Trainee: 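Could you have a look at this structure, given as structure tokens, before my questions?
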Amino acid sequence: MIIKKAVFPAAGFGTRFLPATKAIPKEMLPLVDKPLIQYALEEAKDSGLQEMIIVTGMGKTAIEDHFDTSFELEILLKERGKDELLKMIQNVSGLVHFAYTRQKKPLGLGHAISITKNLINNEPFAVFLGDDIIDAKVPAMKQMIRVFNECRSSVLAVQKVPKSQAHLYGVIKGKKVAPGIYRVLDLVEKPKENPPSNLAIIGRYILTPEIFNALEKTTPGKGGEIQLTDAIKILLRTQEVYAYEFDGCRYDAGDKLGFLMANVSLALKRPELRNDFRKFLKGLKL
Ligand code: UTP
């Protein structure tokens with residue numbers, strides 16, 4: 001069971017970023033100089049995944065264009081001798097295969113995943129929510145694949161969050177079975193009170209194909225949407241599910257504050273920006 005396929009649900013409306021996301025997909029907002037979705041895609045590629053399945057919706061054609069070859073741009077860069085830039089844009093989509101499927105209505109994350117069933121073809125697969133940017137020495141998904149290879153079950157990425165923030169996440173109740181690894185006993189989507197733990201689900205999943213049967217049985221939950229968390233709860237009735245506390249720094253770039261933090265932190269890591277940007281930040285009268 002080798003994991004080859006990665007699903008990127010990208011059909012949400014991105015309401016937390018209006019008005020910016022009225023005509024531009026949230027996934028195309030730039031972090032320093034790369035669109036959000038490219039970070040997740042590079043993580044997938046660096047984790048050894050080869051087939052990228054992007055779930056798009058209305059107004060999301062910029063995502064397809066971004067990962068497509070742009071002959072005109074490549075010729076122009078070649079003529080102008082801009083070899084570095086040329087290499088950079090060729091790298092974006094090189095060596096991986098893309099498939100796109102369209103979610104006609106944003107009926108929820110679970111629904112977005114359910115429509116990839118025919119493309120997944122009965123194999124375990126990875127899911128990346130592009131909002132979650134994970135800065136890690138070893139790509140977070142690569143770490144998760146190691147856990148999957150041990151447990152041969154679905155693996156959810158989790159992170160400890162303050163209990164006061166648990167209502168913003170899916171939260172697991174788990175039994176620790178190894179350092180950073182929990183067997184999931186239960187999970188609750190956005191608990192209003194008494195979260196079962198401080199372990200929140202972050203936007204990286206490895207799912208077994210039985211999730212599709214579970215999704216078929218899932219009725220609309222919070223916000224009238226088909227919730228992936230509810231489907232995983234159904235999956236738990238017949239299969240073990242594990243949660244893994246990955247090593248790395250995660251930013252919620254789908255939220256304004258998280259997006260700003262990610263921009264500052266990633267910019268400070270860029271050799272060409274680091275010194276001047278640090279000088280500028282130090283000069284701010286905070
Ligand atoms: P979010 O809950 O962040 O929703 O979805 P959103 O629409 O992107 O953003 P806000 O909350 O309105 O600002 C989590 C992920 O699931 C995808 C989104 O694109 C995002 O990657 N999604 C959500 C879908 O693909 N389809 C849906 O129906 C809902």
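By convention here, the first residue in the shown sequence is residue 1. Heavy atoms only: backbone and side chains are in, while hydrogens, waters and symmetry mates are out. Just so you know, these numbers come straight off a predicted model, no measurement behind them. All ligand and atom numbering here is 1-based and tracks the order in the structure.
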Trainee: Salt bridge check: are Asp252 and Arg16 linked by an N-O gap of less than 4.0 Å?
Mentor: yes
Trainee: Gly108 to ligand 1: N or O pair under 3.5 Å?
Mentor: yes
Trainee: Between the side chains of Ser154 and Tyr242, does any donor sit under 3.5 Å from an acceptor?
Mentor: no
Trainee: Between ligand 1 and Pro9, is the shortest N or O to N or O distance under 3.5 Å?
Mentor: yes
Trainee: Quick check, are the ring centers of Phe125 and Phe212 under 6.0 angstrom apart?
Mentor: yes
Trainee: At a non-hydrogen distance cut-off of under 4.0 Å, which region of Glu27 contacts ligand 1 (side chain, backbone, both, or neither)?
Mentor: side chain
Trainee: Please classify the Gln103 to ligand 1 contact at 4.0 Å (heavy-atom distances, strictly less than): side chain, backbone, both or neither.
Mentor: side chain
Trainee: Inspect the contact between Glu43 and Arg204 and indicate whether a charged nitrogen and a carboxylate oxygen are less than 4.0 angstrom apart.
Mentor: yes
Trainee: Looking only at distances, please establish whether an N/O atom of ligand 1 is found under 3.5 Å from an N/O atom of Thr15.
Mentor: yes
Trainee: Just to be sure I read this right, does ligand 1 sit under 4.0 Å from the backbone of Ala10, its side chain, both, or neither, counting only heavy atoms?
Mentor: backbone
Trainee: If you have a sec, work out which protein heavy atom is nearest atom 16 (O) of ligand 1 and how many Å separate them, to one decimal?
Mentor: Leu109 CD1, 3.6 Å
Trainee: So, 4.0 Å and heavy atoms of His111: is ligand 1 close enough to count as a contact?
Mentor: no
Trainee: At what distance is the nearest protein heavy atom to atom 22 (N) of ligand 1, and which residue and atom is it?
Mentor: Gly12 N, 3.7 Å
Trainee: Please tell me whether Gln239 and Glu210 have a donor and an acceptor in their side chains that are separated by less than 3.5 angstrom.
Mentor: yes
Trainee: Can you tell me which residue and heavy atom of the protein come closest to atom 4 (O) of ligand 1, and the distance to 0.1 Å?
Mentor: Lys26 NZ, 4.3 Å
Trainee: For atom 14 (C) of ligand 1, what is the nearest protein heavy atom, given as residue, atom name and distance?
Mentor: Leu129 CD1, 4.3 Å
Trainee: Tell me the contacting part of Leu107 for ligand 1: side chain, backbone, both, or neither, using a 4.0 Å heavy-atom threshold, strictly below.
Mentor: backbone
Trainee: For Phe17 and Phe259, take the angle between the two ring planes, folded into 0 to 90°, and tell me which bin it lands in: parallel under 30, tilted 30 to 60, perpendicular over 60.
Mentor: perpendicular
Trainee: Consider ligand 1: state whether an atom of it lies below 4.0 angstrom from any non-hydrogen atom of Gly254.
Mentor: no
Trainee: Which residue owns the protein heavy atom closest to atom 25 (O) of ligand 1, what's the atom, and how far is it?
Mentor: Ala11 N, 2.9 Å
Trainee: Quick one: do the Glu225 and His111 side chains pair a donor with an acceptor below 3.5 Å?
Mentor: no
Trainee: Taking Ala262's backbone N and O only, do any of them form a donor-acceptor pair with Ser265's side chain (distance below 3.5 Å, no angle check)?
Mentor: no
Trainee: Considering the heavy atoms of Asp131, write down every atom of ligand 1 situated less than 4.0 Å from one of them.
Mentor: 3 (O)
Trainee: Any idea which atoms of ligand 1 are less than 4.0 Å away from a heavy-atom of Ala112?
Mentor: 24 (C), 25 (O), 26 (N)
Trainee: Looking only at distance, does Glu225 have an N or O less than 3.5 Å from an N or O of ligand 1?
Mentor: no
Trainee: Is any NZ, NE, NH1 or NH2 atom of the basic residue among Lys26 and Asp131 found under 4.0 Å from an Asp or Glu carboxylate oxygen of the other?
Mentor: yes
Trainee: Any idea which protein heavy atom is nearest atom 1 (P) of ligand 1, and the distance to it?
Mentor: Arg16 NH2, 4.2 Å
Trainee: Can we say Lys176 and Glu245 salt-bridge, meaning some charged N sits less than 4.0 Å from an Asp/Glu carboxylate O?
Mentor: no
